[in-house]
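These figures come from a predicted structure and were not determined experimentally.
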Amino acid sequence: MCGIVGYLGKQDSVPILIKGLKRLEYRGYDSAGIAVMNGNNMHLLKKAGKVRELESAIDDSVLTGSVGIAHTRWATHGEPNDINAHPHQDHTNSIALIHNGIIENHGVLKQVLEQQGIEFKSNTDTEVLAQLISSIYYSDGLTFEQAVRAALQKVVGAYGIVAINKREPDKLVAARFGSPLVLGVGDGEYFLASDASPIVEYTRNVVYLDEGDMAIITSEGYTIKKIFDNQIVSREVATLNWSYEQIEKGNYPHYMLKEIHEQEQTIIDTMRGRIQVEKGNAHLGGVHDWLPRIETARRLYITACGTSWHAGLIGKYLLEEYAGIPVHVEYASEFRYREAIIDSETVVIAISQSGETADTLAAIRKAKGKGALTLGICNVVGSTISRETDCGVYTHAGPEIGVASTKAFTAQVTVLSLLALNLGRRRGLSRSQGQKIARALASLGNKVHRILKNATQVEKVAWETQYADNFLYLGRGLNFPVALEGALKLKEISYIHAEGYPAAEMKHGPIALIDERMPVVFIAPHDHTYEKVLSNIQEVKSRRGKTIILTDKKTRDIVELADYMIEIPTTHQHIFPILASIPLQLLAYQLAVLRGCDVDQPRNLAKSVTVE
């Protein structure tokens, strides 16, 4: 959600900033802008629309300089247009600011500033902050750094900001409170960004700013201080463990398709060094020391948003089945506001691809404040969730650029499977049972490969159903969350209305929608739910619904009932959801392509939701 890029160094900043914005397009945005310092002159350009429109408007003879900031905006306050795009300047056109987040008390601050005679150009909360910094800077005789700090102490809300000033042209001032910022440290040059993707091409050395940090960057180096007490702090310089090539599309037409195909490897990477087939167990070093407290907890919550919440639902089934631990799964946006029973005998598992999801972070902080043990599952090393939880497990999916999560989801379910296996073995799951699960997990790479090799069966279904306005996804038990996830993927990128339901609940309402125009996707493994799902298929078939059956065995009864069939390899019933998710990702992708949708950047969506 929104993207920040900043540069200070020896090179012309404009190509670096524009390339950085392109790296951040996946976060979701509706306008873009850039401000560059050339000596004591500041040049600024803003455009509604895509980065390419900003790039085409740049005059290289004017917009050049070795210090600059750039931004992609996802509109919250004020419609997406040129005026509301970032960067925002103060009334003297001397200070420019880019900002991710929301200033909650912007209305009150704006009234005070207007009483001082300051006129506003935009409808944004960000301009309020730029004008506030300016007011303090010019009236109180402070340095630019001091003025930014003083302004932020008056602000209520969430922010990641970078600011420049004509009077102190060789300086970037950045700060974060609730919205991530990464500082890249190069050879005599420095980079700032919302995440590391714009930085990795230039340096692998990064500093993840912590909550309440302010960074002051000049050509002489950088200093990090705390916003509220001005104390200098030391932050570790981390090394990025992924490469520039991993954020390129390669020969794929879309990032989403690339990331679907990468699952053959990312699932294996997530298990590497953790799965113990002969012992029928798993070892998770990041939570090992905390296992006694986890296995004896009185209550366990899983909290997450969107796709990660669906992974959490699968985790609930597995943890209860293997370890006999009761688990509650809650949307973080709801959990953070209700009076859940949380104490020192509670464990809260937080799942987030980015490790920066605002609602999930708030849920963690609430749980920690009440004495709970917090466990994070995320994909980004150095992210806020990885730093603020007591313990955790990284998925190893690599950078995920497509807005619709694919490989991060299957990696999350893989981690939850390993965690459930480990806790299960500690709580009575037999070695032979553990070995069956471990073998099934270990064989996933080969089976994902077979699914992807046989993608033509999914392409046929997409071709035949591309004009449908509605889809229904049905599954039972562990595969109900798979139905939810399949429906979400379809909604996100093809804009087809889709709903996921427990198959048995169809007759309690959704069956009224069934007719010859309604494709219904059934997740139908040959497990203990098979006969019941078969009955649900017959109910849809008798009402002329179009049946799409995803199964692991082509039997006569399914062949007779299926309008379309998607067959995947047989596996352990508890591992089946990982395999079943992949054809549904492909189906959503193919339908989106056929309908001419922007697959990687679906409308109104952001990859990392860092505000409420």
Side-chain angles (χ1 to χ4, degrees), residues 263 266-297 300-302 304 308 310-329 347-351 373 375-379 389 391-397 407-448 477-479 481-482 525 527-528 569-581:
Q263 289 172 109
T266 56
I267 292 169
I268 294 171
D269 290 343
T270 295
M271 290 187 290
R272 182 171 285 113
R274 293 169 169 171
I275 192 77
Q276 299 172 327
V277 175
E278 289 308 310
K279 292 181 179 179
N281 207 340
H283 175 76
L284 299 169
V287 300
H288 181 75
D289 292 342
W290 300 92
L291 286 173
R293 185 169 170 186
I294 297 170
E295 67 174 315
T296 57
L300 197 155
Y301 292 97
I302 296 177
S308 297
H310 297 155
L313 288 176
I314 295 173
K316 168 187 169 69
Y317 281 93
L318 296 173
L319 285 162
E320 292 184 342
E321 178 84 14
Y322 296 171
I325 301 174
V327 181
H328 308 278
V329 182
V347 174
V348 175
I349 299 175
I351 309 174
L373 174 71
L375 187 161
I377 297 174
C378 70
N379 192 42
T389 46
C391 59
V393 185
Y394 285 117
T395 55
H396 293 297
K407 62 178 182 175
F409 171 74
T410 52
Q412 288 168 353
V413 178
T414 301
V415 164
L416 288 163
S417 300
L418 295 171
L419 180 62
L421 176 58
N422 184 266
L423 287 169
R425 287 304 313 279
R426 295 173 68 95
R427 291 173 59 92
L429 187 74
S430 71
R431 179 173 178 173
S432 62
Q433 290 174 306
Q435 286 175 329
K436 289 178 183 177
I437 297 160
R439 288 193 188 104
L441 285 165
S443 68
L444 276 171
N446 176 263
K447 291 179 178 178
V448 172
L478 267 171
N479 294 299
V482 177
D527 61 11
H528 66 286
T570 299
T571 188
H572 191 286
Q573 62 177 336
H574 295 151
I575 309 304
F576 183 87
I578 298 174
L579 293 181
S581 300

Taking it one step at a time, do Asn422 and Asn281 satisfy side-chain contact (heavy atoms from CB on, under 4.5 Å)?
-> CA-CA 6 Å; Asn422 184 266; Asn281 207 340; 3.4 Å; yes
Of Ile578, Thr414, Ile314, which is the lone residue that meets side chain to side chain contact (heavy atoms under 4.5 Å, CB included) with Phe409?
-> Ile314
What closest approach, in Å, do [X] and [Y] show between heavy atoms, and which atom pair accounts for it?
| X | Y | result |
| --- | --- | --- |
| Ala442 | Val277 | CB-CG2, 4.0 Å |
| Ala397 | Thr270 | N-OG1, 4.3 Å |
| Ile325 | Arg427 | CG1-NE, 3.6 Å |
| Arg274 | His396 | NH2-NE2, 3.5 Å |
| Glu278 | Gln435 | O-NE2, 2.8 Å |
| Pro481 | Leu313 | CG-CB, 3.6 Å |

Calculate, to the nearest 0.5 Å, the distance between atoms CE and CG belonging to Met271 and Leu444 respectively.
-> 5.0 Å
Out of curiosity, Ile275 CD1 to Leu441 CG, how far, rounded to the nearest 0.5 Å?
-> 4.5 Å
Do [X] and [Y] have side chains that approach each other closer than 4.5 Å (heavy atoms only, starting at C-beta)?
| X | Y | result |
| --- | --- | --- |
| Arg431 | Arg425 | yes |
| His574 | Leu318 | yes |
| Val287 | Leu375 | yes |
| Leu419 | Ile349 | yes |
| Pro577 | Tyr317 | no |
| Tyr322 | Ile437 | yes |
| Gln412 | Ser308 | yes |
| Val348 | Leu373 | no |

